[in-house]
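Here the structure is a predicted model, which is why all the values come from computation and not from measurement.
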Amino acid sequence: QVQLVESGGGSAQIGGSLRLSCAASGYTYRTYSMGWFRQAPGKEREGVAAIQTDGRTNYADSVKGRFTISKDAKNTLYLQMNSLKPEDTAMYYCAQTQGGRVWLALPLSAAEYFYWGQGTQVTVSS
């Protein structure tokens, strides 16, 4: 079993920055992808960023140039969020695919992921 725990959420000013972390524990797959998703009140969950097993990354158009996804050697996932906007306000979730996936056709699709964290709240205001 894989366990994912997000941290780093909080409040930020418009134009400010936050860095989210996702600590993964449990079984370590040989190949897998990880992603960040967010859901605001009254809206559907949307993919924000993903990193595949070969290191390739994908971003939603709304965050390109502002957010950066990365992973360290300890399999901790990060989301560096810069130039924050009010529309970035949401609950942010870390997710991981089941093992064996070497390439994702839709890396920002929630249906691709099996393991999920509990979420961390991000609030952006003036």
Side-chain angles (χ1 to χ4, degrees):
Q1 183 74 17
V2 173
Q3 295 85 43
L4 304 174
V5 180
E6 303 97 332
S7 62
S11 299
Q13 296 290 315
I14 295 173
S17 298
L18 287 173
R19 191 190 195 198
L20 306 184
S21 299
C22 173
S25 62
Y27 185 81
T28 301
Y29 293 104
R30 183 71 64 182
T31 59
Y32 62 94
S33 296
M34 299 187 74
W36 287 99
F37 295 78
R38 66 187 182 188
Q39 187 167 18
K43 297 184 178 180
E44 296 296 317
R45 181 173 51 186
E46 65 173 338
V48 176
I51 183 166
Q52 300 193 53
T53 191
D54 63 358
R56 275 184 282 185
T57 57
N58 301 87
Y59 297 94
D61 289 341
S62 59
V63 307
K64 285 181 179 177
R66 301 189 299 119
F67 292 8
T68 303
I69 189 171
S70 62
K71 185 176 66 176
D72 66 16
K74 302 295 178 62
N75 293 321
T76 297
L77 185 72
Y78 302 97
L79 185 67
Q80 180 65 48
M81 309 166 66
N82 299 326
S83 302
L84 285 165
K85 304 176 180 180
E87 49 263 47
D88 295 320
T89 296
M91 185 73 75
Y92 283 71
Y93 299 90
C94 173
Q96 182 178 308
T97 63
Q98 289 184 297
R101 300 298 304 273
V102 298
W103 181 78
L104 299 179
L106 301 172
L108 298 181
S109 172
E112 295 274 22
Y113 298 83
F114 184 78
Y115 302 101
W116 293 85
Q118 81 289 350
T120 185
Q121 179 68 39
V122 170
T123 302
V124 184
S125 60
S126 299

Visitor: Output every pair passing ring-ring contact (aromatic ring centres under 6.0 Å, His included) with a member in residues 30-58, not counting sequence neighbours, ordered by first then second residue.
Guide: F37-Y113, F37-W116

Visitor: How close do L18 and G8 get, heavy atom to heavy atom, and via which atoms?
Guide: CD2-O, 4.1 Å

Visitor: Of all the heavy-atom pairs spanning M34 and L4, show the shortest one and how long it is.
Guide: CE-CD2, 4.0 Å

Visitor: Which heavy atom of N82 sits nearest a heavy atom of S17, and at what distance?
Guide: OD1-OG, 2.8 Å

Visitor: Once salt bridge (charged side-chain N to carboxylate O under 4.0 Å, His left out) is applied, what residue pairs with a partner in residues 66-83 remain, sequence neighbours excluded?
Guide: R66-D88

Visitor: If only side-chain N and O atoms count, and only distance matters, is there a donor-acceptor pair under 3.5 Å linking T97 with E112?
Guide: no

Visitor: Do L20 and V5 sit in one hydrophobic cluster, given that two such residues count as connected whenever their side-chain heavy atoms are within less than 4.5 Å of each other, even indirectly?
Guide: no

Visitor: What are the two closest heavy atoms between L77 and S70, and how far apart are they?
Guide: CD1-O, 3.4 Å

Visitor: Listing request: all disulfide bond (SG atoms under 2.5 Å apart) pairs with a residue in residues 22-99, at least two apart in sequence or in separate chains.
Guide: C22-C94

Visitor: If you link ILVMFWY side chains whenever their heavy atoms are less than 4.5 Å apart, which other residues fall into the same cluster as L106? By chain and number, please.
Guide: none

Visitor: List the atom pairs, with distances to 0.1 Å, where a side-chain N or O of residues 39-48 and a protein N or O form a donor-acceptor pair under 3.5 Å, not counting sequence neighbours.
Guide:
unit_1: Q39; atom_1: NE2; unit_2: K43; atom_2: O; d: 3.1
unit_1: E46; atom_1: OE2; unit_2: R38; atom_2: NE; d: 2.7
unit_1: E46; atom_1: OE2; unit_2: R38; atom_2: NH2; d: 3.3

Visitor: Sequence neighbours left out, what passes side chain to side chain contact (heavy atoms under 4.5 Å, CB included) with S11? Give chain and number order.
Guide: T123

Visitor: Using the rule that two of Ile, Leu, Val, Met, Phe, Trp, Tyr join whenever any of their side-chain heavy atoms come within less than 4.5 Å, decide whether I69 and V2 are in one cluster.
Guide: yes

Visitor: Quick one: side-chain hydrogen bond (donor to acceptor under 3.5 Å, both in side chains) partners of S7, sequence neighbours excluded?
Guide: none

Visitor: Can you tell me how far apart CD (Q96) and CD1 (I51) are? Round to the nearest 0.5 Å.
Guide: 12.0 Å

Visitor: Applying ring-ring contact (aromatic ring centres under 6.0 Å, His included) as the test, list every pair that has at least one member in residues 60-109; sequence neighbours left out.
Guide: none

Visitor: Applying salt bridge (charged side-chain N to carboxylate O under 4.0 Å, His left out), can you list everything that pairs with E87, at least two apart in sequence or on another chain?
Guide: none

Visitor: Which pair of heavy atoms, one from A49 and one from L79, lies closest together, and at what distance?
Guide: CB-CD1, 4.1 Å

Visitor: Can you sort out the partners of T31 under side-chain hydrogen bond (donor to acceptor under 3.5 Å, both in side chains), two or more places apart, ordered by chain and number?
Guide: none

Visitor: Checking side chain to side chain contact (heavy atoms under 4.5 Å, CB included) for the pair Q13/V124: CA distance, chi angles, key distance, verdict?
Guide: CA-CA 6 Å; Q13 296 290 315; V124 184; over 6 Å; no

Visitor: Taking salt bridge (charged side-chain N to carboxylate O under 4.0 Å, His left out) as the definition, give me every residue that meets it alongside E6, ordered by chain and number, with sequence neighbours left out.
Guide: none

Visitor: Taking the side chain as C-beta and beyond, is there a heavy-atom pair between Q121 and T89 under 4.5 Å?
Guide: yes

Visitor: Kindly write out the residues that satisfy salt bridge (charged side-chain N to carboxylate O under 4.0 Å, His left out) with R19, not counting sequence neighbours, or none if the list is empty.
Guide: none

